[in-house]
Structure formats: structure tokens, C-alpha cells
Visitor: 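Below is the structure I would like to discuss, written out as C-alpha cells.
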Amino acid sequence: MLSRTPLAYLASNIISLIGVALVTTSGILWLLTLPAFWRGEAGTPYIGILLFLILPGVFILGLILIPLGIALHTWRRRKAGDRGPFIPRGGELRKLAIFVVLTTMANLVMGSQFTYRAVTYMDTDAFCGQSCHKVMDPEYTAYRHSPHARVACTDCHIGPGASFFVKSKLSGAGQVFAVLFNSYPRPIPSPVEALRPARETCEQCHWPQRFSGQKFFVHTEYAADEPNSGSTTVALMKIGGRNFSGTVGIHGAHVDAKAFMQYIATDQHRQVIPQVTYTDANGKVTVYNSTDVKVTPEELARGEHRNMDCMDCHNRPTHIFQLPERALDLAMTQGSISPALPFIKKQAVAALKRDYPDQAAAAKEISAALENFYRTSYPQVFARQAADLKNAIGAVQSIYQQNVFPEMKITWGTYPNNLGHTDFPGCFRCHDGNHSSADGRTISNDCATCHDLLAVSEKNPKILTELGMDPAPQASTGGAKEK
Ligand code: HEC
Ligand code: HEC
Ligand code: HEC
Ligand code: HEC
Ligand code: HEC
């Protein structure tokens, strides 16, 4: 037998040859894209998938094929009566050994880089939020406009340590199949049952001992009348925590390190809560039962038993979907929609609440409806406040695009927000005055428990003038009175 080079030996069967080709090609491609690998990022999620997931896959497949080919080839020769030698001898063996050692070292370097990058890439916001574009579009869009836009998805959804990391990769594999076979639920269900307890996620950045004091709350709303009359609510939210006298306020009662609250919810969205068990900082246990919601002991046993944490109030810290009235109030307060456009609040709410087949159709029809209204009902406004109208249309279109996703069956109010009580049951799931204990105590629904209301829907709250703050922007004279 002639002396062969190691490559010729490896290439003596077609399977190993394919393996060698795959390893070399992906290795060379890896070298070419090394700068992107070092940065660990790619321009678009699709290039990212190619670079950080498919390329390593091809590389590893190649590595598996080489010995597999040799083994199959040897087995076939043996079966055909060939007595070998199957493994090269002498100088040929030495060359092969050196070749294998060198390439193994190179492969270890490349392989570790490949897997490291693949795993970290799967934790980037681009992969989580954009790869399965349509599926995650609603959550990703809301996230990008939220206070947590710079916090990684994985900081809340996976957190530190190995156990949840492995769990998330396993459930992630299932989700990839759901996307491939188009079998994922629409909308994606919430609450996320397997979400990690807040202690290990939120509290990495916000720890309960830090809470104290009160928060000044100012909210302006605009009426559905011609001048879009504004009125303002001012309150001090009793954030609380601890002070010299012990636990105080909202966070003091709910997330003090020594207190503990467990509740039972009987519906999927945790909106119906017939029973709450509270263990206060001194270890005293009180069970509150709803006198409103009638449940049998079996229904109670079957309900979801949950330890209350940050996410039971802050269930939308980043995927904040607004309601149309609220979103418009905010846009009008911030000035992207001018309150000087007569009836703009009413018209915009009507345009937003209509059913549209998709976001593109919505954008077109919102624009047409608003233009049409001012052209026919307020021709002077249409002519003189053209710039205001154009801005308003843009703002109304983006409110729709950030909150309604027909393809994912997400519309106004699909995901209830538990922080508050005016739009959804929220705090009043328990603080409704109808949850009482055997010893006659009730979970408080006294308004001053949670906030000091300094002004409720007032036109020009005195408190704001006293503090030297501007009242809400109102429609000045101008267009509102003209026809
Ligand atoms: C600040 C923490 C935080 C960040 C950052 C975050 N999420 Fe969430 N996410 C949550 C919470 C809390 C929920 C709702 C949990 C519940 O009610 O059980 C949630 C729910 C979801 C849901 C379920 C559907 C829904 O709207 O309730 C999806 C899907 C989701 N997140 C994807 C993402 C993606 C993708 C990113 C990154 C682009 C991300 N999340 C970033 C906290 C976060
Ligand atoms: C990686 C750090 C980090 C994690 C994890 C995190 N947050 Fe935050 N959070 C921040 C930062 C930074 C801000 C301030 C953003 C700003 O002021 O714009 C913030 C702001 C907030 C606010 C105030 C929002 C507002 O409207 O001003 C709330 C409430 C909040 N976080 C709750 C949560 C909850 C609940 C979780 C867990 C689901 C969580 N955070 C997880 C960093 C984090
Ligand atoms: C019982 C419900 C409830 C629970 C539980 C709760 N919060 Fe809050 N939190 C509130 C309310 C209400 C506010 C005030 C909201 C507002 O008006 O801005 C608030 C405000 C905050 C703020 C903003 C504080 C500021 O001064 O601006 C942060 C940050 C925050 N919470 C984080 C957390 C974290 C982290 C946890 C879990 C350890 C948690 N909260 C648990 C109800 C709750
Ligand atoms: C799962 C039920 C539940 C929900 C939801 C809930 N609470 Fe509570 N809350 C309780 C219980 C139970 C107590 C303690 C009553 C006691 O002292 O025995 C309490 C106590 C409080 C206290 C202290 C009351 C006092 O008398 O000092 C405040 C403040 C408070 N909650 C605010 C809120 C706010 C704000 C929300 C909504 C963002 C909220 N809670 C949502 C069950 C709940
Ligand atoms: C268990 C705590 C709690 C109780 C009791 C409570 N509230 Fe509230 N309230 C809240 C929270 C939390 C918010 C929302 C703050 C936010 O949107 O960030 C709120 C918001 C409001 C707002 C502002 C709505 C807006 O956005 O303009 C009004 C008005 C209000 N509450 C009135 C009342 C009145 C009146 C009572 C008594 C019947 C009452 N609340 C009892 C917790 C409470």
C-alpha cells in the first residue's frame, strides 16, 4: 500500500469527505466573519441566526461525519472480507496522529467559540424579540417604548444562574417548533406561568429595602367635547417600604422581606381572587375570604396558589399596552397631538377603536378618517392647522401600531394591567372592601390607604399653581371655536 497523506486517508470514503468539506467551509467562513464573532452581534437577526446558529451547526455536523464515515467504511470493508489494515501504520500513522492532534486543537478553539457565541446570541434581545418577527412583535414593540427598553429580555425572563438557563433553552426548543409549524397561540398567553420569581430577577436591580417615601402623580385627561377640555388628577402615591416605625405604604405591606402573602386565583388571568392569606412581619397569619365571589372548597383547591411578588402588581413593567383614551391623553399632554384641534380626542378614539384587518390598513384608514372629518366639518381648521393635523395623524397611527396587532389577535385591553384600579380590577381584586377575615378585618379600600388625592379631575388644580407647576395644556382660543 502506498503512503497516503492524512487527508487522502480521511477522504477515502464519501461520508468523511463531506465531513471534511463541511468543517473546512464553515471554518473558513468563520475566519472571514471573525470581526462579527468577536462583537457577538450581527446586523440583522437573520444574519445572526446564520452566523451564530447555522454555521456552528454545520461545523459540528462535519466533525461528526468524519469519524462516522471512517467507521462505516471500515465496517463495510470488513463485511466484504477485507482483513485490513484499517488504520494506517508506521510513518503514515505518525502523520495522521500529528494531523489529528493539530486539527483537534484548532477545532476545539473554533468549536468553543462557536458554541459560546451560539448560546450568548440566543440570549440577545435581537434574537428573543426579532427572530420570530410576527410572534414577538407586540412584546418587542411595547418593550422598546418602555422604561426597561435597555434591560435585556433575559434579565427578567431567565435571570442569573444555570437552572433557569437550561429550563429556558428546553422550553425555547419547543417554541422554535411552534413557530416553524405555525402552531403558536395567538395572543401569546399571559401570565407566564413559569416566569422566574421576582426575587431572582427584578430584585437584582430594585431591592425592597430601597423603597421609601411617596411619589408625586400628575395625570391629565381630555374630554370628548369640542375644545377637548382638560382636567387633571394629582395624588401622592404611598410607595412606602420601611421607616423608623416599621413597614409602611404599598411596598411595606406587600414586599417587606419578613411579610408573606399568598393568594388563590380561580381564572387563567389571575383576575378573580377569592382568598388571600397574609403573614405579617411578626408572623401573624390572617386569611381573607371574598364575600362577593362564591367558590366551593374544590374550586378553591383547584385554583392557582401563588406567592405574591412584584409581578402581581407590576405585571406589565415593560410590555405596556395602553388603552386608546390613556394613550391619547399622554400624547396630548406631551404635545404630539394638539388639543387646539376641535374634537380631536373624540375623533381619534373613534378611529382607533375601529376594526382593521392589519396595521397597514389601519394607518391608511385612520389618516383618511381624520382628514375627511376636518375637511368637511372644519374647513378653516383643515386649511390653517394643516401641520397640527399632520402631526396628530402620525401620532394616532403610532398609537395604533404600538398597541394593536391584528395578526397576533392583540387588541385594546387584551393584557390586563394590574397596577391601579381605574382601567382593570388591579388592586381592587383584593382591596374591594369585600375580602374579610374571621376576626372581622377587611382588606382596606379606603382611598387614603394607597394615595393622598390632592385633586381629582380638576380644570386648574390649585395644588399645581401653589407648587408653581404648569396646569395641563388646554386648547387656547384659536381653532376650537371656529367653524
Ligand atoms: C423588566 C422585565 C422584562 C423584560 C426586560 C422583558 N420582559 Fe417579557 N415579560 C415580563 C413580565 C413581567 C411579563 C408578564 C408576566 C406575567 O404576567 O406572568 C412578560 C411577558 C412576556 C411574554 C408573554 C406575553 C405577554 O405579553 O404577557 C412574552 C412573549 C415576552 N414577555 C417576551 C419578551 C421579550 C421578547 C423581551 C425582550 C425583547 C422581554 N419579554 C423583555 C417582564 C419582562
Ligand atoms: C437590569 C436591571 C433591571 C431589572 C432586572 C428590572 N428593572 Fe425595573 N428599572 C430598571 C431601571 C434602570 C429603571 C429606570 C428607568 C427609567 O427611569 O427610565 C427601572 C424602572 C422601573 C420602574 C419605574 C417605571 C416608571 O414608570 O418610571 C418599575 C415600576 C420597575 N422598574 C419595575 C420592575 C419590575 C417589576 C421588574 C421585574 C419584572 C424590573 N423592574 C426589573 C432596571 C431594571
Ligand atoms: C401591591 C402592589 C405592588 C407590589 C407587590 C410591588 N409594587 Fe412597586 N409599585 C406599586 C405602585 C402602586 C407603585 C406606584 C406606581 C405609580 O403610580 O407610578 C409602585 C412603584 C414602584 C417603583 C417606582 C418607584 C418610584 O419611586 O418611582 C418601582 C421601581 C417599583 N414599584 C418596583 C417594585 C419591585 C421591584 C417590586 C417587588 C420587589 C414591587 N415594586 C412590588 C405597587 C406594587
Ligand atoms: C392578592 C390580593 C391583593 C392585591 C392584588 C393587592 N393587595 Fe394590597 N394588601 C393585601 C393584603 C392581604 C394586605 C394586608 C392586610 C392586613 O394588614 O392584614 C394589603 C395591604 C396593603 C396596604 C397596606 C394597608 C394598610 O392598612 O396599611 C397597601 C398600601 C396596599 N395593600 C396597596 C396595594 C396596592 C396599591 C395594590 C395594587 C397595585 C394592592 N395593594 C393589591 C392584598 C392585596
Ligand atoms: C389599594 C390601593 C388603592 C386604593 C384603596 C385606592 N386606589 Fe386609587 N389608585 C391606586 C393606584 C395604584 C393607582 C394608579 C397609579 C398609576 O396609574 O400609576 C390609582 C389611581 C387612582 C386615580 C387616578 C386615575 C388616573 O389615572 O387618572 C384616581 C382618580 C383614584 N385612584 C381614585 C381613587 C379613589 C376615589 C379611591 C377610593 C374609593 C381609590 N382610588 C382607592 C391605588 C388605590
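When a ligand or atom number is given, it counts from 1 through the structure's own listing order. What's counted below: heavy atoms across the whole structure, side chains too, no hydrogens, waters or symmetry copies.
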Visitor: For the 3.5 Å polar cut-off, considering only N or O atoms, please tell me whether E139 and ligand 1 meet it.
Guide: yes
Visitor: Can you see which heavy atom on Q322 is nearest to which on N403, and at what distance?
Guide: N-OD1, 2.7 Å
Visitor: Need the ligand 3 atom indices (1-based, order shown) with element for anything under 4.0 Å from a heavy-atom of K215.
Guide: 16 (C), 18 (O), 25 (C), 27 (O)
Visitor: Answer yes or no for V151: is there a heavy-atom contact with ligand 1 below 4.0 Å?
Guide: yes
Visitor: What protein heavy atom is closest to atom 24 (C) of ligand 4, reported as residue, atom name and distance in Å?
Guide: T449 CG2, 3.5 Å
Visitor: Would R326 and T422 count as a side chain to side chain donor-acceptor pair (under 3.5 Å) here? Give the steps.
Guide: CA-CA 11 Å; R326 295 267 170 176; T422 42; 3.1 Å; yes
Visitor: Using 2.8 Å as the cut-off, note every protein N, O or S atom close to atom 8 (Fe) of ligand 4.
Guide: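 For atom 8 (Fe) of ligand 4, the protein N, O and S atoms that sit under 2.8 Å away are H254 NE2, H431 NE2.
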Visitor: Assess the residue pair K238 and D452 against the criterion (salt bridge (Lys or Arg N to Asp or Glu O under 4.0 Å)); give the C-alpha distance rounded to whole Å, side-chain angles, the decisive distance to 0.1 Å, and a yes or no.
Guide: CA-CA 8 Å; K238 299 186 175 171; D452 285 324; 3.5 Å; yes
Visitor: Should you measure from each heavy atom of E203, which atoms of ligand 3 turn up under 4.0 Å away?
Guide: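 Reading through ligand 3 atom by atom, the close ones are 38 (C).
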Visitor: Quick check: S190 and ligand 1, any N/O pair under 3.5 Å apart?
Guide: yes
Visitor: S436 side chain to G440 main-chain N or O, any donor-acceptor pair under 3.5 Å?
Guide: no
Visitor: So, 2.8 Å as the limit: is an N/O/S atom of H157 located closer than that to atom 8 (Fe) of ligand 1?
Guide: yes
Visitor: Polar contacts were defined as any N/O atom of the residue lying under 3.5 Å from an N/O atom of the ligand; does this apply to Y288 and ligand 4?
Guide: yes
Visitor: Return the residue, atom name and 0.1 Å-rounded distance of the protein heavy atom closest to atom 23 (C) of ligand 1.
Guide: V192 CG2, 3.8 Å
Visitor: Indicate yes or no: at least one non-hydrogen side-chain atom of L419 is less than 4.5 angstrom from one of R316.
Guide: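 Counting from C-beta outward, L419 and R316 never come under 4.5 Å.
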Visitor: Indicate if the distance from atom 8 (Fe) of ligand 1 to the nearest N, O or S atom of C156 falls below 2.8 Å.
Guide: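 Checking atom 8 (Fe) of ligand 1 against C156, no N, O or S atom falls under 2.8 Å.
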Visitor: Heavy-atom distance to atom 14 (C) of ligand 3: which of D309, T201, I239 wins?
Guide: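 Comparing heavy atoms across D309, T201, I239, the nearest one to atom 14 (C) of ligand 3 lies in I239.
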Visitor: Roughly how far, to the nearest 0.5 Å, is the CD1 atom of I366 from the OG atom of S398?
Guide: 9.5 Å
Visitor: Under a 4.0 angstrom heavy-atom cut-off, which atoms of ligand 3 come close to M237?
Guide: 17 (O)
Visitor: Could you tell me if the ring centre of H435 sits under 6.0 Å from that of Y288?
Guide: no
Visitor: I'd like to check atom 18 (O) of ligand 4 in this structure: does the protein have a heavy atom lying under 4.0 Å from it?
Guide: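 There is a protein heavy atom less than 4.0 Å from atom 18 (O) of ligand 4.
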Visitor: Counting only heavy atoms closer than 4.0 Å, does ligand 3 sit against the backbone of F211, its side chain, both, or neither?
Guide: side chain
Visitor: Testing the basics here: between A392 and I344, what is the closest heavy-atom pair and its distance to 0.1 Å?
Guide: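 In this case the closest contact between A392 and I344 is CB-CD1, 4.3 Å.
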Visitor: Distance-only, no hydrogens or angles: does the R429 side chain make a donor-acceptor pair with backbone N or O of G426 under 3.5 Å?
Guide: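 Indeed, once roles are kept as given, a pair shorter than 3.5 Å links the two residues.
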Visitor: Between the side chain of T154 and the main-chain N/O of H157, is any donor-acceptor distance below 3.5 Å?
Guide: no
Visitor: Please report which non-hydrogen protein atom sits nearest to atom 34 (C) of ligand 1, along with the residue it belongs to and the distance in Å to one decimal place.
Guide: C153 SG, 3.7 Å
Visitor: Determine, considering heavy atoms only, which of I410, N417, L195 sits nearest to atom 15 (C) of ligand 1.
Guide: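 Heavy atom nearest to atom 15 (C) of ligand 1 belongs to L195.
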Visitor: Suppose we measure from atom 35 (C) of ligand 1 to each protein heavy atom; which comes out shortest, and what is that distance?
Guide: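 It is C128 O, 3.6 Å.
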Visitor: I need the Y222 OH to S231 OG distance, nearest 0.5 Å.
Guide: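 If we round to the nearest 0.5 Å, Y222:OH and S231:OG are 9.5 Å apart.
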Visitor: List every atom of ligand 1 that sits less than 4.0 Å from any heavy atom of P191, numbering the atoms from 1 in the order shown and giving each element.
Guide: 16 (C), 17 (O), 18 (O)
Visitor: Distance from M408 atom CE to D137 atom CG, nearest 0.5 Å?
Guide: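 Spacing of CE (M408) from CG (D137) equals 9.0 Å.
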Visitor: For atom 13 (C) of ligand 1, which protein heavy atom lies nearest, and how many Å away is it?
Guide: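 Nearest neighbour among protein heavy atoms for atom 13 (C) of ligand 1, to 0.1 Å: N315 O, 4.0 Å.
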Visitor: With heavy-atom distances below 4.0 Å as the criterion, list the atoms of ligand 1 near Y140.
Guide: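 Listed by number with element: 38 (C).
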Visitor: Just going by heavy-atom distances, which of P147, C313, P317 is nearest to atom 3 (C) of ligand 3?
Guide: C313
Visitor: With atom 6 (C) of ligand 1 as the reference point, say which of T318, D312, I320 has the nearest heavy atom.
Guide: T318
Visitor: Could you tell me whether a side-chain N or O of D155 sits under 3.5 Å from a main-chain N or O of G159, the two making a donor and an acceptor?
Guide: no
Visitor: Considering only non-hydrogen protein atoms, determine which one is nearest to atom 11 (C) of ligand 4 and report residue, atom name and distance to 0.1 Å.
Guide: M261 CE, 3.5 Å
Visitor: Minimum distance, heavy atoms only, to atom 33 (C) of ligand 1: which one of R150, H319, R270, H206 is it?
Guide: H319
Visitor: Only one of V287, I264, T286 clears side chain to side chain contact (heavy atoms under 4.5 Å, CB included) with T277; which?
Guide: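 Answer after filtering V287, I264, T286: V287.
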Visitor: What are the atoms of ligand 4, with element, lying closer than 4.0 Å to any heavy atom of Y263?
Guide: 1 (C)
Visitor: Which atoms from ligand 3 have a heavy atom of C310 less than 4.0 Å away?
Guide: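 Near C310, the atoms of ligand 3 are 34 (C), 35 (C), 36 (C), 37 (C), 38 (C), 39 (C), 41 (C).
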Visitor: Please list, in number order, the atoms of ligand 4 under 4.0 Å from a heavy atom of V276.
Guide: 2 (C), 12 (C)
Visitor: Begin from the C-alpha positions of S437 and D439 and carry the test side chain to side chain donor-acceptor pair (under 3.5 Å) through to its verdict.
Guide: CA-CA 5 Å; S437 66; D439 61 357; 2.3 Å; yes
Visitor: Find all atoms of ligand 1 within a distance of less than 4.0 Å from any non-hydrogen atom belonging to R316, and give their numbers and elements.
Guide: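 So the atoms of ligand 1 that pass are 25 (C), 26 (O), 27 (O).
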Visitor: Run the numbers for me: atoms of ligand 1, each under 4.0 Å from some heavy atom of M311, listed by number.
Guide: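 Contacts of ligand 1 toward M311, numbered from 1: 12 (C).
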Visitor: Report the distance from atom CG of N391 to atom OG of S336, rounding to the nearest 0.5 Å.
Guide: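 So the CG of N391 and the OG of S336 are separated by 8.0 Å.
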Visitor: Mark up the atoms of ligand 1 that fall under 4.0 Å of a heavy atom belonging to A152, in ascending order.
Guide: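 Atoms satisfying the 4.0 Å criterion: 5 (C).
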Visitor: Can you tell me which residue pairs pass the salt bridge (charged side-chain N to carboxylate O under 4.0 Å, His left out) test with a partner in residues 333-361, sequence neighbours excluded?
Guide: E325-K353, D329-K345
Visitor: With a 4.0 Å cut-off, would you call E298 and R302 a salt bridge?
Guide: no
Visitor: Once rounded to the nearest 0.5 Å, what's the spacing between atom CD1 of I188 and atom CZ of R186?
Guide: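 I188 CD1 to R186 CZ: 9.5 Å, rounded to 0.5 Å.
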Visitor: Could you check whether any side-chain N or O of S146 sits under 3.5 Å from a backbone N or O of H319, counting only pairs where one atom can act as donor and the other as acceptor?
Guide: no
Visitor: Does R441 have a non-hydrogen atom less than 4.0 Å from ligand 4?
Guide: yes
Visitor: Below 3.5 Å, N or O to N or O, backbone or side chain included: is there any such pair between H251 and ligand 3?
Guide: yes
Visitor: Can you spot which of F424, F321, F405 makes a ring pair (Phe, Tyr, Trp, His ring centres under 6.0 Å) with Y415?
Guide: F321
Visitor: When the ring planes of Y400 and Y356 are compared, do they come out parallel, tilted or perpendicular, using 30° and 60° as the limits?
Guide: perpendicular
Visitor: Would you say M308 touches ligand 4, if touching means a heavy atom closer than 4.0 Å?
Guide: yes
